[in-house]
*Asks:* 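Mind having a look at this structure? Questions to follow.
Naming convention: chains lettered A, B, ... in sequence-line order (proteins, then strands); numbering from 1 in each chain. Below, all heavy atoms of this structure are taken into account, side chains as well, without hydrogens, waters or symmetry copies.
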Amino acid sequence: MSDAIIGGQDRIAKRFAKLREEGRAGLVTFITAGDPDPEASFEILKALPEAGADVIELGMPFTDPMADGPAIQEASIRALAAGMHMRKTLSLVRGFRDQDHETPIILMGYYNPIYIYGVAVFLEDARNAGVDGLIVVDLPPEEDAELCVPTVEKGLSFIRLTTPTSDDKRLPKLVQNTSGFVYYVSVAGVTGAGSATNDQIVEAMARLRRHTDLPIAVGFGIKNATQAAEVARQADAAVVGSAIVSKIAESLDENGKATDKTASMVTGLVRELADGVRNARN
Amino acid sequence: MTSAPTALNSYRALPDPDGHFGNFGGRFVAETLMPLILELEQAYKDAKKDPAFQKELDYYLKHYVGRANPLYFAERLTEHLGGAKIYFKREDLNHTGAHKINNCIGQILLAKRMGKTRIIAETGAGQHGVATATVCARFGLPCTVYMGSKDIERQSPNVFRMRLLGAEVKPVKSGSCSLKDAMNEALRDWVTNVEDTFYIIGTAAGPHPYPELVRDFQCVIGNEAKEQILEQEGRLPDQIIAAVGGGSNAIGLFHPFLDDKDIEVVGVEAAGHGIHTGKHAASLSAGKPGVLHGNRTYLLMDDDGQIKEADSISAGLDYPGIGPEHSWLKDIGRARYEPIGDKEALEAFKLCSELEGIIPALECSHAIAQVMKEAPKMGKDKIILMCLSGRGDKDIFTVAEALGVEL
Ligand SMILES: Cc1ncc(COP(=O)(O)O)c(C=O)c1O
C-alpha cells in the first residue's frame, strides 16, 4: 500500500496534533471541485497548502445545494457546466495526493451523488484516491447510519455539522461516531451569509467542549483575515469557503473562464487568511 | 432501512416513527433544520390528539373552503367514452380553486398553535402560493412565496393574485428557475429564520413529517368521496385516479381507499413531450430512487446523481420528484402510475370543457386523459372516481398558446 492510502483519520489527527504543538489554530479552506473548470481547479488545489491551508475541504458539485448561499451555488454550477462529476472529483484528489501526503482532504457535499455512485464503491474509491473524511450536509444522524458506519469502517472520518440549533440535548447524538474534528456552523443560515459575534462563538465553544474532546473547526461567514483571527483565538480551526470561492468568481474573464490570475488571486487571499490565523494568539 | 410492507396488514400504517415508507421518505435535511422538524413533528402529534384542533379545522374547511364539495357524476363524458361510470371529486369548487387550500388551512392552524409569526412557501403553478397567501391574509401572518422565475412568467395571473393577497413573491433565479429551485430557496430561508418561521410545504413530499401531515390534511378528499359514492351508488368504486405532481391530491384521494383491496389505484404522471424525449416529469415511470428535498424517493437524474429539470405543460406537475409514499405504493404494487403527455392532457382539457362545462386545471387534465383510456375498457357497470383537483382558469393563457390562439 502506498503512503497515499494510509487511513484518513490518521492524517487529520496528525495535522491537528501538529497544530497543537505549534500552539496555533488551523486554516481550513473550501473550494468546489472542478470550479471554474477541472484543470484550473487542480492548479488551485495544489497551491493551497503552500499558501497556508492546513486542511482542505473539497466540495462535490451538486445541482441542488440547498444549504448553500449564492457564491457556492454558483461554484457548483460552474463546475458542472465544465463537465465535473464524481469520478473527476476523486481523480482531482488522487492527483493532489501524488504530491502531498500530509494535508487532509475532506469531501463535502450532498448525499445524492454518493448514493447514486454506490456507498461501498464510493468509499473504496475515495479512500484509494486519498480522501480523509466526509461531510454530508443533508445527512443528519437520524439518517446517516447507512453512510457513517461504513465510512468509519473504511478508516475515513465522518465529520458532522453542529449548529446554533444544536442544544445540550442534541449534541451527544451529533458527536457520536464522529471523528477527525467537529464542524461548528456558527450561524443559522446558508453558506456565505452573516457572521457570528465573538460572544456567540465563545458561548458555543463552551457548549461543544462539554460534549467532545475532538478539535473544533468553526465556519460560516468568515470573510477576511481579521475575522479568521478572531475565530482562531477560540477554535481549533477556522473554515473559509464562500470568500475563497468568490475570489475565484472575481478572477474569471467575461465568459466565465479561468484567467492567469485565477490561482494567484486565490492563494493571495489564502495567504492573508493564514497570516491572520497564525498570528491570532500572539 | 426497513422494508417489509407485505408483512403489514394495512396499507395505511406508515410512515414508521422515523418517517419512512419502506425505503422511502426520511429526514434528509441540514442539521440546522433537524430540531425544527422534530418540533413540528411533536406539535403535529399533539394537535392530532386535540379535539379542539380538529374542530377548528373542520370549521374552516366548511365555512371558509366551502367543503364538502360535490362528488359529481360526469354523465356526458361517461356516455361519450361508452364504458365505466365516471365520477369527479370537485376540488375545483374549493375556495381558491384547487385542493391546495385543504393543506394550507391545516398547516396555518398548526403554525399558529406553535406560535410562529411568519410563513414561507414554495410554489410552481402558483396554486399553492395562492392558497398559502390566502390563509396568511385570513389569519394575519406575513407571507413570503418563492417561485421560479420561469414559472412567474408562465403563471402571471397567480403572481398577481398572491400580491393582491398581500404576499411577497420572491423570484428564484437559481438552477432551472422552477419548482425544485423554489423549494431549495424556501429551505434556505427556513435555515436562516429558524426562530419565527413556519414553512408550509405544498405537497406530500419533503422531510418527515411533511409527507404524513400533508397527506392527512388532504385525506378529506378521499374520506368525503368515500361517503358520497356510498350514498350515490351504494358501493365503492372499481378504480380511483388522480394526477401526481408531488402527489398531494392523489394521496389524499387514495389513502382512505388503500385497504379496500379490490379498488384499483392509478396515479397519472406528466410525460411532457414524451418519455423517450427526456423532456417530461415522470419520476416514477422514468426515474430512480435518490435523495432530494429531505426525502428518499424516485427522482429524475443523470448517472452522476445530478437532478434533471422536469418538463410539462402543467406547471403544477413540473417537478423532478414525487412524494415518498407514492414511491412506496409503486414498489409494493398497490398503485400503478401511468404517464400522460402534454398533447393528451390538452385533448382532455378540451373534451371536459366541452362535454361537462367544467374547465379543468391542466394538472388534473392528465387524470382525465387517463380516464379516457381506462373507461372504454371497462364495463358500464364499473365505476371510476377521479380527483378533479382544480379549475383551469389559471391555465387559459398556456392553453391558448398551445392551441395557437392569441388572446
Ligand atoms: C390543480 C392542481 N392539481 C394538482 C397539482 C399537483 O400537486 P399534487 O400532486 O401535490 O396534488 C397542482 C399543483 O400545483 C395543482 O395546482
*Asks:* What part of Tyr111(A) lies closer than 4.5 angstrom to a heavy atom of chain B: side chain, backbone, both or neither?
*Replies:*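 Contact with chain B: side chain only.
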*Asks:* Using the rule given for side-chain contact (heavy atoms from CB on, under 4.5 Å), can you reason through Met66(A) versus Leu292(B), listing the C-alpha separation, both sets of side-chain angles and the distance that settles it, and then say yes or no?
*Replies:* CA-CA 9 Å; Met66(A) 60 187 185; Leu292(B) 180 72; 5.8 Å; no
*Asks:* Is the shortest heavy-atom distance from the side chain of Lys173(B) to the side chain of Pro70(A) under 4.5 Å?
*Replies:* no
*Asks:* Kindly give the heavy-atom pair with the smallest separation between Glu31(B) and Leu161(A), and that separation in Å.
*Replies:*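 Shortest heavy-atom separation between Glu31(B) and Leu161(A) comes out as CG-O, 3.3 Å.
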*Asks:* Among Glu74(A), His85(A), Lys169(A), which residue has the highest count of heavy-atom pairs closer than 4.5 Å to chain B?
*Replies:* His85(A)
*Asks:* Could you grab the distance from atom CG of Leu36(B) to atom OG1 of Thr165(A), nearest 0.5 Å is fine?
*Replies:*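 So the gap between those two atoms works out to 6.5 Å.
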*Asks:* If you look at every heavy atom in Val29(B) and Pro140(A), which pair is closest and at what distance?
*Replies:* O-CD, 3.3 Å
*Asks:* Ile116(A) and Pro289(B): which non-hydrogen atoms are nearest, and at how many Å?
*Replies:* CD1-O, 3.6 Å
*Asks:* Is there a side-chain contact between Lys308(B) and Thr63(A), using heavy atoms and a 4.5 Å cut-off?
*Replies:*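 No. Closest side-chain heavy atoms not under 4.5 Å.
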*Asks:* Taking the six-membered ring of Tyr115(A) as reference, does the cationic atom of Arg296(B) (NZ for Lys, CZ for Arg) lie under 6.0 Å from its centre and within 45° of its axis?
*Replies:* yes
*Asks:* Any idea which heavy atoms bring Gly26(B) and Glu143(A) closest together, and the distance?
*Replies:*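 Taking Gly26(B) first and Glu143(A) second, the nearest heavy atoms are CA-OE2, 3.0 Å.
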*Asks:* Find the distance between CG (Asp138(A)) and CG (Leu33(B)) and round it off to the nearest 0.5 Å.
*Replies:*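 So the gap between those two atoms works out to 11.0 Å.
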